[in-house]
Amino acid sequence: MTEHQPARAPEQRKQDVLDRLEQDIDAWVATASPDGLPCLVPLSFVWDRGALLMATRRGNPTAVNVTPSGPARVSLGHTRDVVLVDGTAQVVEGVDLPTGSADAFTAKLGWDPRARSSWVYLRVTPDTVRAWREVNELAGRQLMRDGDWLV
């Protein structure tokens, strides 16, 4: 039998989510085509101005599925420390991205897609955020609703 840690307080869960958004590098990103074909890919990200900022080739299904904007689900962590973000993804051309955002992306991830015409940025703005570690944290796992933090 596995011993479980006590459930975290909502404030601690929110802080843990914010820490992951700042420190983690990769996430799983799920989108769907207009006919419902799912697409799940790992992408690197930076937490920038209240949104996850990623880059992908403009012809990849992930970018095509959200062109010019659409729903996306992003998952951080593993099965025993989940952060699940549902939001709206928007395709942003490198020339249209604020310099500070592009610089933050480059500083954290070590490469700069701005000069690559075949690449676009995806900005995922969270609508809901849920976080849990074990079954004892399922109650109260929703930390954001309609883009507003609940704690």
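One is the number of the first residue; the rest follow in order along the sequence.
- Transitive grouping of hydrophobic side chains (ILVMFWY, heavy atoms separated by less than 4.5 Å) keeps Val74 and Phe105 in distinct clusters.
- At a threshold of 4.5 Å between non-hydrogen side-chain atoms, the residues Asp24 and Phe45 count as touching.
- Note that CD of Gln15 and CZ of Arg20 are 13.5 Å apart. Values are rounded to the nearest 0.5 Å.
- With rounding to the nearest 0.5 Å, the separation of CZ in Arg123 from CE in Met54 is 10.0 Å.
- Here the closest non-hydrogen pair linking Thr31 and Ala72 is CG2-CB, 4.1 Å.
- Contact between Gly100 and Arg49 at its shortest, heavy atoms only, is CA-NH2, 3.9 Å.
- Side-chain atoms of Asn60 and Thr62 form no donor-acceptor pair, as typed in the model, at a separation below 3.5 Å.
- In this structure, Gln142 CD and Asp86 CG are separated by 9.0 Å, a value rounded to the nearest 0.5 Å.
- Remark: the backbone N or O of Asp16 is not paired with any side-chain donor or acceptor of Arg8 at under 3.5 angstrom.
- Side-chain heavy atoms closer than 4.5 Å link hydrophobic residues (I, L, V, M, F, W, Y) into clusters, and following such links, possibly through other members, connects Val120 to Val29.
- When atom types are taken as modelled, the side chain of Arg145 and the backbone of Leu150 share no donor-acceptor pair closer than 3.5 angstrom.
- Not a single ring-ring contact (aromatic ring centres under 6.0 Å, His included) links Trp132 to another residue, sequence neighbours left out.
- When every heavy atom of Asn65 is checked against every heavy atom of Cys39, the shortest pair comes out as ND2-CB, 3.7 Å.
- Closest of all the heavy-atom pairs between Gly94 and Tyr121 is CA-CE1, 3.7 Å.
- Following chains of ILVMFWY side-chain contacts shorter than 4.5 Å, one can reach Leu122 starting from Val41, so the two form part of one hydrophobic cluster.
- The two residues Leu43 and Ala55 have their closest heavy-atom pair at CD2-O, 3.8 Å.
- Using a 4.5 Å heavy-atom cutoff, the side chains of Asp26 and Pro42 are not in contact.
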side-chain contact (heavy atoms from CB on, under 4.5 Å) between Gln12 and Val151, worked out: CA-CA 10 Å; Gln12 183 62 53; Val151 288; over 6 Å; no

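- The two residues Val91 and Ala63 come nearest to each other via the heavy atoms CG2-O, 3.8 Å.
- By the criterion of side-chain heavy atoms lying less than 4.5 angstrom apart, applied directly or through intervening Ile, Leu, Val, Met, Phe, Trp or Tyr residues, Leu84 is not grouped with Leu143; the two fall into different hydrophobic clusters.
- Cluster annotation: Val82 and Leu21 are assigned to distinct hydrophobic clusters (Ile/Leu/Val/Met/Phe/Trp/Tyr, side-chain heavy-atom contacts under 4.5 Å, transitive).
- Here the OG1-CE distance, from Thr128 to Met144, works out to 8.5 Å after rounding to the nearest 0.5 Å.
- One distance of note links OG1 of Thr106 with CH2 of Trp111; it measures 8.5 Å at 0.5 Å rounding.
- Asp81 places none of its side-chain heavy atoms less than 4.5 Å from the side chain of Glu137.
- Looking only at distances, a side-chain donor or acceptor of Arg141 sits under 3.5 Å from a matching main-chain atom of Leu138.
- Side chain of Arg116 to main chain of Arg57: no donor-acceptor pair is present (N/O by atom type, distance under 3.5 Å, no hydrogens or angles).
- Looking at Lys108 and Asp48, no side-chain N of the basic residue comes within less than 4.0 Å of a carboxylate O on the acidic one, giving no salt bridge.
- The 12-atom threshold is exceeded at CG of Asp19, counting heavy atoms of other residues, nucleotides or ligands nearer than 6.0 Å.
- The closest donor-acceptor contact from the side chain of Asn136 to the backbone of Gln5 lies under 3.5 Å.
- Residue Leu40 holds its CG atom at 11.0 Å from CZ of Arg73, rounded to the nearest 0.5 Å.
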